[in-house]
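Because only heavy atoms are used, hydrogens play no part in the values below, and waters and symmetry mates are left out as well, while side chains stay in. Both ligands and their constituent atoms are indexed starting at 1 by order of listing. This is a predicted model, so every value here is computed, not measured.
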Amino acid sequence: MSSADQYHAVTTAIENAAREAGRAPGSVALVAISKTKGEDEIVPVLQAGQRIFGENKVQESQAKWPPLKERFADIELRLVGPLQSNKTADAVALFDVIESVDREKIAREIAKEMAKQDRRPRLYVQVNIGEEEQKSGIMPKEAVAFVERCRSEHGLTIEGLMCIPPVDENPGPYFALLAKLAKEAGLDHLSMGMSGDYETAIAFGATSVRVGSAIFGARDDPAA
Ligand SMILES: *Cc1c(COP(=O)(O)O)cnc(C)c1O
């Protein structure tokens, strides 16, 4: 199947999963994760109608996306990978949504850059939902207080929570925990679910799913 066909299959599966969960078919946004993929692979998906894309590296996105943003109107670009503080200015300048706000220092830097650049990317707090050492994100028990501090100390508006559950485990309980934390923090947006588990995530209330390989095919470097 071409990536455009795979894209259509994913959008149909998302609508069906939403309906099965008793939700409106249009209530789940698809973020197409295009990391490591080149323009030749991304353009067919743009031509098929997709406009929301996610990347995990600032530098790679800076090279790839400005020309595509000129060619196609209304692109929404999301950063879903960890943000280093020395890349904050570039990230605020390029991305429409930053999903990986995960520590005090980054919250402070983002607030500073937003004021300086007069740009307001939408923000998600990333939660290390499985409390895994190798993953970034704020610990679940600290998440609600961190969202509060983003608001009160840094003046940031947080749109929702994001997570990546542990691989090779049933993701359901992790998605349920993220939904519970969001509710406690007064947030109604949940970024959860990837190629292997986005239908499950939708059953647990995902408002956006981040799907890469199911659209674009496997990545050459699986760790990318
Ligand atoms: C790579 C990546 C995805 C997409 O993963 P697939 O399994 O290819 O769908 C989603 N979210 C984040 C944060 C990623 O880094």
Side-chain angles (χ1 to χ4, degrees), residues 1-14 17 28-38 41-42 44-45 48 50 52-61 64-65 76-84 87 91 94-103 106 121-138 140 143 159-172 174-175 178 182 189-224:
M1 268 207 285
S2 71
S3 58
D5 289 340
Q6 295 189 145
Y7 163 67
H8 289 303
V10 169
T11 56
T12 303
I14 288 172
V28 183
L30 169 61
V31 182
I33 303 295
S34 48
K35 61 190 184 194
T36 80
K37 301 295 173 183
E41 294 162 284
I42 296 171
V45 177
Q50 177 65 13
I52 310 177
F53 290 84
E55 293 279 348
N56 68 338
K57 295 202 170 87
V58 176
Q59 232 167 342
E60 178 185 339
S61 311
K64 226 155 74 174
W65 282 97
E76 177 183 305
L77 198 57
R78 298 189 176 208
L79 179 65
V80 301
L83 180 55
Q84 294 160 301
K87 294 273 165 54
L94 180 65
F95 290 94
D96 303 292
V97 182
I98 297 173
E99 295 203 8
S100 47
V101 181
D102 62 357
R103 57 197 192 277
I106 287 297
R122 288 146 49 210
L123 303 173
Y124 283 67
V125 165
Q126 180 174 354
V127 180
N128 187 349
I129 204 73
E131 305 189 27
E132 295 173 280
E133 222 161 84
Q134 76 278 19
K135 284 218 178 102
S136 46
I138 196 101
E159 181 168 296
L161 299 182
M162 180 271 237
C163 78
I164 310 169
V167 285
D168 303 326
E169 272 188 60
N170 172 16
Y174 296 105
F175 293 149
L178 195 74
H189 282 74
L190 293 168
S191 169
M192 58 190 197
M194 320 205 309
S195 291
D197 56 17
Y198 66 90
E199 288 159 301
T200 307
I202 290 167
F204 282 94
T207 55
S208 57
V209 293
R210 308 178 310 269
V211 180
S213 47
I215 297 171
F216 294 104
R219 287 175 294 273
D220 295 337
D221 175 3

| With E55, the side-chain hydrogen bond (donor to acceptor under 3.5 Å, both in side chains) member among R78, K37, K64 | K64
| Among S213, A218, S191, G217, which one has a heavy atom closest to atom 7 (O) of ligand 1? | S213
Just jot down the ligand 1 atoms closer than 4.0 angstrom to any heavy atom of [X], in number order.
X	value
V80	12 (C), 13 (C)
R210	4 (C), 9 (O), 10 (C), 11 (N), 12 (C), 13 (C)
S195	6 (P), 7 (O), 8 (O), 9 (O)
I164	13 (C)
V211	9 (O)

| query | Purely on distance, is any nitrogen or oxygen of N56 under 3.5 Å from one on ligand 1? | reply | no
| Has ligand 1 got any nitrogen or oxygen that is less than 3.5 angstrom from a nitrogen or oxygen of G212? | yes
| Is it true that E76 and R122 make a salt bridge, defined as a side-chain N closer than 4.0 Å to a carboxylate O? | yes
| Salt bridge present between E60 and K57 (N-O < 4.0 angstrom) | no
| P121 versus I98: any side-chain heavy-atom pair under 4.5 Å? | yes
| message | Could you tell me if the side chain of S136 sits less than 4.5 Å from the side chain of P82, heavy atoms only? | response | yes
| Do S34 and E41 have side-chain N/O donor and acceptor atoms under 3.5 Å apart? | no
| Contact check, E99 vs ligand 1, heavy-atom distance below 4.0 Å | no
Please list every donor-acceptor pair under 3.5 Å in which a side-chain atom of residues 189-205 meets a protein atom from a residue at least two apart or in another chain.
unit_1	atom_1	unit_2	atom_2	d
S191	OG	E99	OE1	2.6
S191	OG	R210	NH1	2.9
S195	OG	S213	N	3.4
S195	OG	S213	OG	3.3
S195	OG	A214	N	3.0
D197	OD1	M194	N	2.7

| Counting heavy atoms only, which part of K35 comes closer than 4.0 Å to ligand 1: side chain, backbone, both or neither? | side chain
